[in-house]
Amino acid sequence: MLVELRIRNFAIIEEASLEFAPGLNVLTGETGAGKTIILSALGLLLGARATSDVVRSSSSEAVVEAVFHLEGEMAPVVLANRDPENRELLVRRVVADAGRSRASIDDELATVQTLAKIGGSLVQVYGQHEQHSLMRAESHPAVLDRYARLDEKLARYRSFFDRARELKARLDELVRRERERTDLLELARFRVAELERAQLIAGEDEELALERSRLVNATKLASAANDAEEMLYGAQGAALDLIARASARLTDALAIDPRLKEPCEMLEAARANLEEASRALRSYADKIEADPARLEQVDNRLQELTKLKRKYGGSLDEAIATLEKSRAEIMELEHFEEARDEAQAAFDSALDEAVAAARELSSDRKRAAADLKGRMEAELKTLGMRNPVFEARVAALDSAQAGFDRDGVALGPDGCDATEFYLSANLGQPPMPLGRIASGGELSRVMLALKRLEAQQRGLSTMIFDEVDAGIGGEIAQVVGRKLKQLAQFHQVLCVTHLAQIAAFADRHFIVEKEERRGSTRSRVRRLDENARAGELARMLGGGESDKFRRAAKELLERAASGA
């Protein structure tokens with residue numbers, strides 16, 4: 001249940017705090033006063049996308065917070081990894097003027113996806129777009145599936161259907177390749193022959209490039225090694241002679257002062273290292289020599305590798321990988337019939353699983369449709385339709401709409417069914433497609449009945465109705481108000497309405513007002529007491545504060561309180 005909603009610097013709302021009650025909570029006010037803004041702010045806490053234009057002018061950020069009391073079937077879902085005794089949930093969303101937003105749950109950072117998941121288990125918002133969607137037959141299957149609680153079975157079917165699509169794409173590719181098999185096989189064999197003949201070795205190009213550099217610069221390298229060896233050992237005043245003389249001098253002094261022992265040892269080590277370096281340089285100089293024949297071999301090999309790298313992916317590793325892939329392709333093409341048969345068998349198996357799952361879904365839908373018919377007709381009668389006939393017709397999917405046809409069963413993304421709602425609101429008229437015949441008032445009542453039944457099925461704790469009273473008035477408006485009141489016995493209901501007949505049933509009534517102050521416009525929200533409610537209902541009836549309309553408003557309140 002939504003306990004409290006706090007809004008700060010959101011659009012034209014500078015600051016607002018609403019404490020909601022169990023039962024029916026109603027928001028009223030003039031058009032443009034900010035009622036929808038309040039629901040938009042709540043939508044942020046339910047995972048809606050945040051944009052910078054929601055931040056009030058002259059403010060750096062907008063803040064929306066809500067406190068929920070967790071109850072019912074959905075509480076364990078939200079309470080995962082939380083203290084089960086803690087039934088209070090604090091959700092917060094901050095939107096900066098740059099458009100960035102931060103979300104937190106119980107003061108711990110959370111993602112928008114987490115907000116949406118938790119919000120969807122606690123609150124469901126129904127607006128006028130819900131009625132408009134009922135005009136489209138393609139929205140009807142999802143409504144029936146939600147009512148029948150087929151989420152898991154539908155997900156299972158879709159996994160089979162998606163697998164079948166993947167396998168069909170694979171099979172189509174194999175069939176295409178079969179038509180081009182001779183050419184593909186010839187091309188793959190050519191690639192393998194060319195790459196095998198080259199006898200590629202990973203890293204060979206880098207090693208050859210280094211060897212080429214040595215061959216090209218052999219004279220320079222030998223000269224450098226000889227000169228260095230001469231400086232260390234052979235020339236007059238060579239480094240080794242100087243170190244030997246220094247070591248001898250310090251050895252004599254060591255007898256006088258033992259502290260010279262470490263420098264002496266360091267000089268001995270240096271002499272040993274220089275002798276080793278001198279021998280290594282002599283050996284290097286003796287071995288390195290210009291070899292024009294070898295240089296030509298290296299250049300030819302590097303040219304060959306460069307050509308292959310350009311042709312097969314840009315690197316030696318890519319060329320080697322191409323060789324392996326081509327070998328595998330030859331194996332597949334030479335055993336093509338086996339690969340095609342395996343793919344066909346896997347595709348057939350996936351389709352069989354999809355058909356079985358689709359038939360199970362269809363059976364469940366037909367049972368749910370029969371149950372929904374009786375419940376909807378009962379609900380619609382309480383909403384002022386005297387002799388309603390409601391049908392959720394579940395028919396076989398047209399093959400033109402199907403992705404697959406298996407054993408005469410057309411399969412689409414949602415199964416083998418096409419579902420459409422039919423309605424007859426008047427005695428003697430046959431049921432017709434809902435989108436073709438329903439008036440605005442009838443759509444409002446059908447939507448309310450559907451959502452009431454859906455809420456019962458899903459165990460939602462809070463339901464929000466945003467101006468779903470379009471197209472109704474008079475006695476029907478009072479019937480809808482009474483139905484919302486009955487619904488509020490089992491679920492917390494928040495309702496934005498322009499009809500006094502509905503607002504009269506509220507357990508808690510808020511008014512949203514717009515005012516101009518110090519050159520700016522702002523909305524404020526206040527809770528109405530019984531006396532103030534009569535004045536607001538009189539305004540909604542169109543009579544302002546006149547005694548006649550106040551009497552009519554009080555009569556509405558009395559009738560709502562008595563249940564008449």
For E65 and L5, run side chain to side chain contact (heavy atoms under 4.5 Å, CB included): C-alpha distance rounded to whole Å, both residues' side-chain angles, the deciding distance at 0.1 Å, then the answer.
CA-CA 6 Å; E65 298 175 298; L5 176 66; over 6 Å; no
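- Taking the six-membered ring where the residue is Trp, the centroids of F404 and F347 are separated by under 6.0 Å.
- The main-chain N or O of T322 is found under 3.5 Å from a side-chain atom of S326 such that the two form a donor-acceptor pair.
- A donor-acceptor pair shorter than 3.5 Å can be found between the side chains of D348 and Q344.
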Derivation of the salt bridge (charged side-chain N to carboxylate O under 4.0 Å, His left out) call for D414 and R158
CA-CA 7 Å; D414 298 324; R158 284 174 176 165; 2.4 Å; yes
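- For Y312 and E194, the side-chain atoms include at least one donor-acceptor pair closer than 3.5 Å.
- Between L397 and G412, the shortest heavy-atom distance links the atoms CD2-N, 3.4 Å.
- A pairwise comparison of heavy atoms in V525 and A16 identifies CG2-CB, 4.1 Å as the closest pair.
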Apply salt bridge (charged side-chain N to carboxylate O under 4.0 Å, His left out) to the pair R301 and E304, showing each step before the final yes or no.
CA-CA 5 Å; R301 179 61 171 171; E304 180 185 13; 2.9 Å; yes
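- Results of the side chain to side chain contact (heavy atoms under 4.5 Å, CB included) test with F68 over L89, I118, L90, V3 single out L89 as the only residue that passes.
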Run E229 and R279 through salt bridge (charged side-chain N to carboxylate O under 4.0 Å, His left out) and show every step you take.
CA-CA 8 Å; E229 193 271 339; R279 285 191 294 271; over 6 Å; no
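- Of all heavy-atom pairs spanning A410 and A402, the tightest one is CB-CB, 3.6 Å.
- Side-chain contact of D53 with T51: a donor-acceptor pair under 3.5 Å is present, judged by distance alone.
- The minimum heavy-atom distance between G34 and V512, with the atom names listed, is C-CG1, 3.8 Å.
- The closest donor-acceptor contact from the side chain of S362 to the backbone of A358 lies at 3.5 Å or more, if one exists at all.
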